[in-house]
Amino acid sequence: MMEDRTYKILDRIDSPQDIKTLNIEELRELCAEIRQYMIECCAVNPGHLGPSLGAVELIAGLHYVYNAPEDKIVFDVGHQAYAHKIITGRREAFRHNRTKDGISGFPKRSESIYDAFGAGHSSTSISAALGFAEAAKLQGLNQKSIALIGDGSLTGGLAFEGLNNAGASKADILVILNDNNISIDRNVGALHDYLLKITTDPRYNKAKKQIWDCLGDGWTRKTLQKVVTTTKSHLVSDSGGALFQAMGFRYFGPIDGNDISQVIETLDRLKEIKGPLLLHAITKKGKGYAPAEQNQTIWHAPGPFDPETGERIKNDTGVSRYQDVFGEVLLDLARRNPSVVGITPAMASGCGMNRLSKEMPDRFFDVGIEEEHAVTFAAGLAAGGLKPFCNIYSSFSQRAYDQILHDVALQGLPVVICLDRGGLVGEDGATHNGCYDMSAYRSIPGAVIAAPKDEIELKDMMYSAMLADKGPYIIRYPRGYGEGSDWENHEYTELTAGKGELIADGTEIAVICAGPTTARAAEAAEICRKETGWAPAIYNIRYIKPLDTGLLDKICKEFKTVITVEDGSIIGGLYGGVCEFTSAYERPVKVRGIGIPDRYIGQATQEEQREECGLTRERLTDVFKVEYEKISKKDEKVLEIKN
């Protein structure tokens, strides 16, 4: 239960206007109170704590200097936006952050007028903020456009497309680079090293002070341009600022993004400068909470914890998570096969690939938040004779559709694409639900799409994918705990793509399942058997593509009704595939689909989301019974007519 603490200043803040009357000392105290409030709320209602702790002063400063919602503050991803939500009238609602019927964990336009642009995926802020800036110019509006982007998100290609366009356009846009030296896992790549070099270069830090002294003495634009051109071009050209200057931005900083006085002073001075500006702010992820500062990767989203001690409250069920199974199996396959390598777009610990990175660092590639590059890079590795396993969260893989189609599938390259977080993901909600993978990739010629029913099948499918000589071989599996199967003692078995299996015998109705929905459907069938003496037959399709047409043909000959069950979009996935088959071969069966409906499913627990979509054991039991009653009544009417 959350402590009902009283806050001296925070309790008086109901909108950004309320902070504009505070002095610097009061603002410092407000920032401290916001941090404490975040910690208390996230301890019992988990969320993205670490990033938001580090961005408090930047957000408080933005709302102090600018006039939202007229001025547009655009967040990247949204992991760092908790202080924004608390300041903009959602302080009490934040207690129910990321819960069913509560507020979203990310900026959401329909939630608040202060959320200028929705965000759940990275690298979008600069493009969106540029759109606001150009829209304001065309409409003659006097409003500012600000993008707050983390250094991890800046590695994404879309961020550079936005920078390139914004710099060339000369639009009035301020990009604030929130540089905390880490995204979820430690940042990697040349850009990260470039930014780190800026922050540690003594020549630049000395020059920076001189520049800001000039800014404080009523400089003119001409003087500013001269200072920037002569001083910064010489001292920054080999330390990082030249990168942004070359793209048409004026570069300022770095400043201490956790010093509210420096943040406000800097933003005040930059507010009146026209054109594309980039402010480099150094912050500390997890700022103000020792456990989060000391272990930034874990405390990015730590789950429930004791706010006093920092001890994380583990829900140890004794069952492996799918990501752990993936990580252990990949490492074992790499030990057995020297051609196996792993690629991840900045999700090494989240997907379980950190195991490979520790034991075989030369065969592990973290490419940063670059899903498109990850897939094409994997294609190059495959063309070069290796067997790449590219792990991407299902929702993020949407960005790499063209690369999967054009660079992998069209060339038939043996790339294994493992889609973690397939289906309903829970509290992250609509932006992160992996609903669309099966329907999106099923249309790609030559693709294999596998949906393991449990940990053992995931293990076997990874092994089978390693042996495949063509690709893409796509394996999608859900977030969270598995079904409790003894996968560790299971010997590898090669599975034939396009071959399903019968799980349990039944009559009248055949239930065809994809993925872990198989277990819930089997449980529902057993309930039907115990309560009515009747049960449907349960099939595990295993492969969404290619479908087991032999099995489908057999089912259509033996059953009057077919029900498909999938943890994915009802449009175009397993249901679509079965309907296409029955139509093409003119099979006289009724097909009903159960899956994720044609609407966005909001944040809630995974079980609550399944309930909403009819995917719980209880909801499936009800559907099975209703369909059986329809068949029974129809048979009774036919019998009456005959008699």
Side-chain angles (χ1 to χ4, degrees), residues 42 46-52 76-80 98 105-106 120-123 150-153 155-156 180 182-189 285-286 292 295-305 312 314-315 319-331 342-359 361 364-371 373-375 378 389-400 416-429 431-434 437 455 458 462 475-482 603 606:
C42 291
H48 294 97
L49 180 60
S52 282
D76 210 278
V77 182
H79 287 166
Q80 75 274 46
R98 302 174 79 244
F106 303 98
H121 296 183
S122 74
S123 312
D151 51 328
S153 292
T155 64
N180 61 22
I182 188 171
S183 51
I184 295 177
D185 289 300
R186 282 287 168 190
N187 285 333
V188 295
K285 190 171 184 177
N295 197 331
Q296 295 174 328
T297 296
I298 287 178
W299 285 85
H300 176 82
F305 62 94
R312 295 169 65 218
K314 296 183 179 179
N315 181 22
V319 177
S320 298
R321 297 176 301 174
Y322 280 100
Q323 68 193 58
D324 298 322
V325 178
F326 167 82
E328 292 291 348
V329 173
L330 178 64
L331 179 58
I343 304 102
T344 176
M347 292 292 175
S349 60
C351 76
M353 207 178 284
N354 52 341
R355 295 163 175 82
L356 180 68
S357 72
K358 291 176 182 177
E359 184 168 322
F364 162 78
F365 303 93
D366 186 339
V367 300
I369 304 178
E370 300 166 355
E371 291 84 5
H373 166 62
V375 173
F389 280 73
C390 182
N391 192 302
I392 307 177
Y393 288 5
S394 173
S395 180
F396 301 157
S397 76
Q398 295 159 187
R399 296 185 155 192
V416 184
I417 299 174
C418 294
L419 301 181
D420 196 338
R421 273 70 168 176
L424 298 164
V425 300
E427 291 81 0
D428 281 339
T431 59
H432 283 58
N433 285 330
D437 47 13
E455 304 94 305
L458 173 58
M462 290 178 66
I475 308 172
R476 60 98 69 179
Y477 52 90
R479 175 193 180 199
Y481 293 98
Q603 71 276 2
Q606 283 180 293

Distance, nearest 0.5 Å, that separates [atom1] of [X] from [atom2] of [Y]:
X	Y	atom1	atom2	result
C418	I475	SG	CD1	4.5 Å
S397	L419	OG	CG	4.5 Å
Y393	H432	OH	NE2	8.5 Å
I369	R399	CD1	CZ	8.5 Å
D428	Q606	CG	CD	10.0 Å
F106	H48	CZ	NE2	5.0 Å

Could you check whether the rings of H300 and H79 sit parallel, tilted or perpendicular, using 30° and 60° as the cut-offs? perpendicular
[X] side chain to [Y] backbone, donor-acceptor under 3.5 Å:
X	Y	answer
S123	S153	yes
R312	P302	yes
R98	Q603	no
Q323	G352	no

I need the minimum non-hydrogen distance between [X] and [Y], along with the two atoms involved.
X	Y	result
Y322	E455	CE2-N, 4.0 Å
F364	S357	CD2-CB, 3.3 Å
A400	V375	CB-CG2, 3.7 Å
D76	Q80	O-OE1, 3.0 Å
D366	A346	OD1-N, 3.0 Å
A292	G286	CB-CA, 3.6 Å

Answer whether the closest heavy-atom distance between the side chains of S395 and N433 falls below 4.5 Å. no
Residues forming a salt bridge (charged side-chain N to carboxylate O under 4.0 Å, His left out) with [X], sequence neighbours excluded:
X	answer
E427	R479
D324	R321, R355
E370	none

CA sep, side-chain torsions, deciding dist, call: L330, N391, side-chain contact (heavy atoms from CB on, under 4.5 Å): CA-CA 11 Å; L330 178 64; N391 192 302; over 6 Å; no
For R421 and D437, what are the C-alpha separation, side-chain angles and deciding distance, and is it a side-chain contact (heavy atoms from CB on, under 4.5 Å)? CA-CA 10 Å; R421 273 70 168 176; D437 47 13; over 6 Å; no
Working for side-chain contact (heavy atoms from CB on, under 4.5 Å), residues V325 and Y477: CA-CA 11 Å; V325 178; Y477 52 90; over 6 Å; no
